[in-house]
Structures are given as C-alpha cells and as structure tokens.
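As structure tokens, the structure follows; a few thoughts come after it.
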Amino acid sequence: MCFSNLLRLYKPPSTETNPTLEDPTPDYMNLLGMIFSMCGLMLKLKWCAWIAVYCSFISFANSRSSEDTKQMMSSFMLSISAVVMSYLQNPQPMSPPW
C-alpha cells in the first residue's frame with residue numbers, strides 16, 4: 001500500500017466522541033491568569049500582574065476558534081488592569097528579588 005493511500009484512509013478521531021483528546025492548557029492558563037491577576041491587584045505585586053498577562057497570552061494562543069471568548073477576554077482585561085493598577089500605585093520599576 002502506498003503512503004498517499006494511507007493518508008487518504010486515515011481519519012483523525014473527533015473530540016466529540018473522545019473528550020480526552022481536548023487540550024486543557026487554555027483552561028489552566030486562564031485560571032492561573034485570574035489567580036495571578038487577583039494577587040497582583042490585592043497584594044500589589046508587579047511580578048504577579050506580569051505573570052497574569054503572560055498566562056493570558058498563552059491561554060489565548062492555545063484556544064480554539066470555536067470556543068467562547070468572553071471568559072478569556074475578561075481574564076486578559078483583568079490581567080492588564082492588574083498591571084496598570086500596580087504601576088499607578090507605585091510607578092517605580094520592578095526591583096529584582098535577589
């Protein structure tokens with residue numbers, strides 16, 4: 001059997017019949033982004049706010065186009081507001097922890 005025939009015969013499994021094939025990374029990064037955003041806002045930790053922005057970008061990059069984007073965009077806006085508020089309260093640059 002030729003390789004091109006094998007490619008034609010192959011059908012990838014659908015995620016509707018097998019939910020274990022779904023990637024949970026966007027959901028985890030969305031949750032981590034919200035947790036770090038709240039820590040950045042409440043504890044005024046700039047590094048937490050920046051990690052929240054990073055997690056939001058990862059969540060956006062790994063999401064599917066068919067997913068609802070409301071929760072992801074709210075997480076992204078929360079992380080951006082955490083960065084803005086932490087720098088409005090203390091405009092000094094971040095000092096290294098060492």
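Values below: all heavy atoms of this structure, side chains included; hydrogens, waters and symmetry mates excluded. Residues take their numbers from the sequence shown, with the count starting at 1. Being a predicted model, the structure only gives us computed values, none of them experimental.
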Are side-chain heavy atoms of [X] and [Y] found at a separation under 4.5 Å?
| X | Y | answer |
| --- | --- | --- |
| Leu32 | Ile51 | no |
| Ser63 | Met72 | yes |
| Lys44 | Ser86 | no |
| Trp50 | Phe36 | no |

Can you establish whether the number of heavy atoms outside Phe57 located under 6.0 Å from its atom CZ is more than 12?
-> no
Would one find more than 12 heavy atoms of other residues, nucleotides or ligands at under 6.0 Å from atom CE of Met94?
-> yes
N/O donor-acceptor pair under 3.5 Å between Ser81 side chain and Met77 backbone | yes
Rounding to 0.5 Å, atoms CE (Met29) and OH (Tyr54) come to a distance of 8.0 Å
Roughly how far, to the nearest 0.5 Å, is the CG atom of Leu45 from the CG atom of Asn90?
-> 11.0 Å
Under the side chain to side chain contact (heavy atoms under 4.5 Å, CB included) criterion, do Gln71 and Asn30 qualify, and how do the steps go?
-> CA-CA 8 Å; Gln71 185 177 7; Asn30 199 1; 3.5 Å; yes
Shortest non-hydrogen contact from Gly33 to Ala52?
-> O-CB, 3.4 Å
Shortest non-hydrogen contact from Ser74 to Met34?
-> OG-CE, 4.0 Å
Going hydrophobic residue to hydrophobic residue with side-chain gaps under 4.5 angstrom, can you get from Leu78 over to Tyr28?
-> no
